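Following: one structure in structure tokens, then a few remarks.
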Amino acid sequence: MVNTSMLRARRGESTDEWYTTWPVVDRELSRHMDGLRGARVYCNCDGPESMFAQWFAMHYTQLGLAGLRLSRFNPASHTLFDPDASGDTWEWDGAGWVHARLHGDGSFDSVECVRFAAQADVVCTNPPFSLLGQYLPLMVEHARHVLVLGNMNAVKYHGVFPYMLGGRLRLGYDTGRMGFMVHGERPAVLSTARWFTTLPVERAPFHPQGTGEGLPVFDAHPDVVCVDRLVLLPDRAGLYGVPVTVFDRLPAPCWRVRGLFTSGTHSYGMGAPMVGGRERFARVLVERLPN
């Protein structure tokens, strides 16, 4: 017999699903009105009850959207209980949702859902955090733009970091503690949640105020200064290994991402972040260019 809980786990789901709240959606999407105007929007992990669906339906006319589509994975499609089960899709007609059944299971990586993404201008949703390493590269390559929630640790993933390095993918505006509803009932707050987007993001000027005094260097890279907290980062030319939260401040003039200090093999890895014989948490290698 097929173990449905195992299937749901592989899809990044659980019995305690985290639902995005209206304030989280509204705070970020309201900052991207220009980028969303006239777009064909696709929410590929959503039904009509999701806050993404409701926000876009409410702003459909104001934004002059060219289309709004939802799709949702059906876990029953891989079980013996309902062999004919398939995923669901909805389209907004300006007054309500028009429902249809998909041919496949509705997973974001299914052939028809990838095709929907390729037809969209913006893919916007809260995908399974455990599958971000697969989800983000797939969406970045197929959709014109993405604006999705995720865990900040995803910036270090093999499939995600190249897009952060090249500037094609960046973090959104909201960097605070975000509220979710667990299993639709219990409120929870996540401080490591971030928005990942290819849409433009206007940052406040980034001018670190640290002096740089007393900061150590990496054992295998004596030309790179290790900075454990961004408040200690000096604003002068050089190479620095900094926490991943630096992406909350980038892109910024004069600052460039160059690599990543992390354990294990990594396409852009600089090796483990060893300082004084001790391994630190992963660090992003950034360069402060001369003025």
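Just so it is clear, the structure is predicted and the values come from calculations on it, not from any experiment. Heavy-atom basis, side chains included; hydrogens, waters and symmetry copies ignored.
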Quiz prompt | Residues, nucleotides or ligands: over 12 heavy atoms within 6.0 Å of M58 CE | solution = no

Quiz item: Distance-only, no hydrogens or angles: does the E112 side chain make a donor-acceptor pair with backbone N or O of S110 under 3.5 Å?
Solution: no

Quiz item: Taking everything shown except E202 itself, do over 12 heavy atoms lie less than 6.0 Å from its CD?
Solution: no

Self-check item: Qualifying residue, where the test is side chain to side chain donor-acceptor pair (under 3.5 Å) with H145 and the options are D121, T197, T198
Solution: T198

Quiz item: Hey, is CZ on R249 packed in by over 12 heavy atoms from elsewhere, all under 6.0 Å?
Solution: no

Quiz prompt | Closest non-hydrogen atom pair between P128 and C45, with its separation | solution = CD-SG, 4.0 Å

Quiz item: If you group Ile, Leu, Val, Met, Phe, Trp and Tyr by side-chain heavy-atom gaps below 4.5 Å, do L230 and M152 land in one group?
Solution: yes

Quiz item: Looking at R258, R236, R256, which hits salt bridge (Lys or Arg N to Asp or Glu O under 4.0 Å) with E287?
Solution: R258

Quiz item: Distance-only, no hydrogens or angles: does the D219 side chain make a donor-acceptor pair with backbone N or O of G276 under 3.5 Å?
Solution: yes

Practice problem: Just do the side chain to side chain contact (heavy atoms under 4.5 Å, CB included) check on Y135 and V160 with the steps written out, would you? | Solution: CA-CA 9 Å; Y135 179 92; V160 177; over 6 Å; no

Quiz item: So, are R283 and D228 salt-bridged, with charged N and O less than 4.0 Å apart?
Solution: yes

Practice problem: Using the rule that two of Ile, Leu, Val, Met, Phe, Trp, Tyr join whenever any of their side-chain heavy atoms come within less than 4.5 Å, decide whether V286 and L215 are in one cluster. | Solution: yes

Self-check item: SB check R194 E28 (cutoff 4.0 Å)
Solution: no

Self-check item: G179 versus T21, closest heavy-atom pair with distance
Solution: O-OG1, 2.8 Å

Exercise. Check Q54 against E49 and note the closest heavy-atom contact, atom names and distance.
Key: NE2-O, 2.9 Å

Exercise. Would you check if the distance from the ring center of F206 to the ring center of W255 is below 6.0 Å?
Key: yes

Quiz item: Under 4.5 Å between side-chain heavy atoms, hopping through other hydrophobics if needed: is there a path connecting M270 to V217?
Solution: no

Exercise. Could you pull out the closest heavy-atom pair between Y173 and P200, with the gap in Å?
Key: OH-O, 4.0 Å

Self-check item: Pair D46 + R72: basic N to acidic O under 4.0 Å
Solution: no

Quiz prompt | Closest approach of L29 to L36 (non-hydrogen atoms, all atoms of both residues) | solution = O-CD1, 4.0 Å

Quiz item: Can you name the nearest heavy-atom pair linking S191 to R177, along with the distance?
Solution: CB-CG, 4.0 Å

Quiz item: For F196, which residues count as a ring-ring contact (aromatic ring centres under 6.0 Å, His included) partner, sequence neighbours excluded?
Solution: none

Quiz item: So does R280 have more than 12 non-hydrogen atoms from other groups sitting under 6.0 Å from CZ?
Solution: yes

Quiz item: Is V231 linked to V244 within one hydrophobic cluster, defined over Ile, Leu, Val, Met, Phe, Trp and Tyr using a side-chain heavy-atom separation of less than 4.5 Å?
Solution: yes

